[in-house]
J.: 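One structure, pasted below without further comment.
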Amino acid sequence: MKPWLSCHDGCVRLTLHVQPGAKKTEAAGEHGDCLKVRLAAPPVDGKANAALLAWLADRFGVAKRDVELLSGDKSRHKVVRIARGLDDAAALDRLGFH
């Protein structure tokens with residue numbers, strides 16, 4: 001369905017392009033083969049990564065421990081796994097894509 005979204009084995013996997021230092025945290029559409037996410041947190045001392053994981057946990061209704069950064073710790077390009085069994089349509093709905 002979307003190149004940046006994969007739902008299987010009870011997990012949602014997202015490929016993201018992150019823009020830290022924005023006015024508010026939100027999904028901002030597609031950026032190539034990634035979902036663009038604007039983050040209100042600055043890109044220092046892991047604050048942007050922590051804010052991203054907390055925002056995703058809130059959007060998907062899971063604990064922070066159920067959201068894992070798989071790659072991109074120091075990059076704008078990140079891959080995240082969320083331990084929540086959803087299909088593509090439900091995951092898109094959680095992200096605000098109707």
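Keep in mind that the numbers below use all heavy atoms, side chains included, and drop hydrogens, waters and symmetry copies.
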J.: If we ignore hydrogens and angles and just use 3.5 Å, is the side chain of R84 paired with the main-chain N or O of F60 as donor and acceptor?
T.: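 Side chain of R84 to backbone of F60, a donor-acceptor pair under 3.5 Å: yes, one is there.
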J.: Rounded to the nearest 0.5 Å, what separates atom NE2 in H31 from atom OG1 in T15?
T.: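 Between H31 NE2 and T15 OG1, I get 12.5 Å after rounding to 0.5 Å.
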J.: Side chains of R13 and V80: closer than 4.5 Å at any heavy-atom pair?
T.: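 In short, these two side chains do not touch, never coming nearer than 4.5 Å.
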J.: I'd like to check P20 versus R76 (side-chain heavy atoms, cut-off strictly below 4.5 Å). Are they in contact?
T.: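 Answer yes - side chains close enough.
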J.: Quick check: closest heavy atoms across L35 and A27, and the distance to 0.1 Å?
T.: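 It is CD1-CB, 4.4 Å.
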J.: Are side-chain heavy atoms of K2 and L92 found at a separation under 4.5 Å?
T.: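 Answer yes - side chains close enough.
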J.: Kindly compute the distance separating OG1 (T25) from CG (L52), expressed to the nearest 0.5 Å.
T.: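 Spacing of OG1 (T25) from CG (L52) equals 9.0 Å.
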J.: Counting C-beta onward and ignoring hydrogens, is there a side-chain heavy-atom pair between E26 and V37 closer than 4.5 Å?
T.: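 No, their side chains stay 4.5 Å or more apart.
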J.: Could you check whether any side-chain heavy atom of W4 comes within less than 4.5 Å of a side-chain heavy atom of L14, counting everything from C-beta outward?
T.: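 They are in side-chain contact.
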J.: Would you give the length of the straight line joining atom CZ of R81 to atom CG of L70, rounded to the nearest 0.5 angstrom?
T.: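 Between atom CZ of R81 and atom CG of L70 there are 5.0 Å.
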J.: Does V79 belong to the same Ile/Leu/Val/Met/Phe/Trp/Tyr cluster as L39, with side-chain heavy atoms less than 4.5 Å apart forming each link?
T.: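 No, because V79 and L39 fall into different hydrophobic clusters, even though each may have its own neighbours under 4.5 Å.
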J.: Hey, any chance I82 and L5 share a hydrophobic cluster, counting ILVMFWY side chains that come within less than 4.5 Å of each other, even indirectly?
T.: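 Yes, I82 connects to L5 through the hydrophobic network.
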J.: May I ask you to test the H77-C34 pair for a side-chain heavy-atom distance under 4.5 Å?
T.: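 Result yes, sub-4.5 Å side-chain heavy-atom pair found.
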J.: Any side-chain to backbone donor/acceptor pair from N49 onto D73? Under 3.5 Å, distance only.
T.: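 Yes: the side chain of N49 pairs with the backbone of D73.
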J.: Any heavy-atom pair between the side chains of R38 and K23 that's under 4.5 Å?
T.: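 They are not in contact (no side-chain heavy atoms under 4.5 Å apart), so the answer is no.
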J.: Looking at SG of C7 and CG of D88, how far apart are the two atoms once the value is rounded to the nearest 0.5 Å?
T.: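 Here the rounded value is 4.5 Å.
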J.: For residues L16 and L56, determine if any side-chain heavy atom of one lies less than 4.5 Å from a side-chain heavy atom of the other.
T.: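 Heavy-atom side-chain distance check passes, below 4.5 Å.
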J.: Considering the options Q19, H17, E30, which one meets the side chain to side chain donor-acceptor pair (under 3.5 Å) requirement together with K36?
T.: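 Among Q19, H17, E30, the one meeting side chain to side chain donor-acceptor pair (under 3.5 Å) with K36 is Q19.
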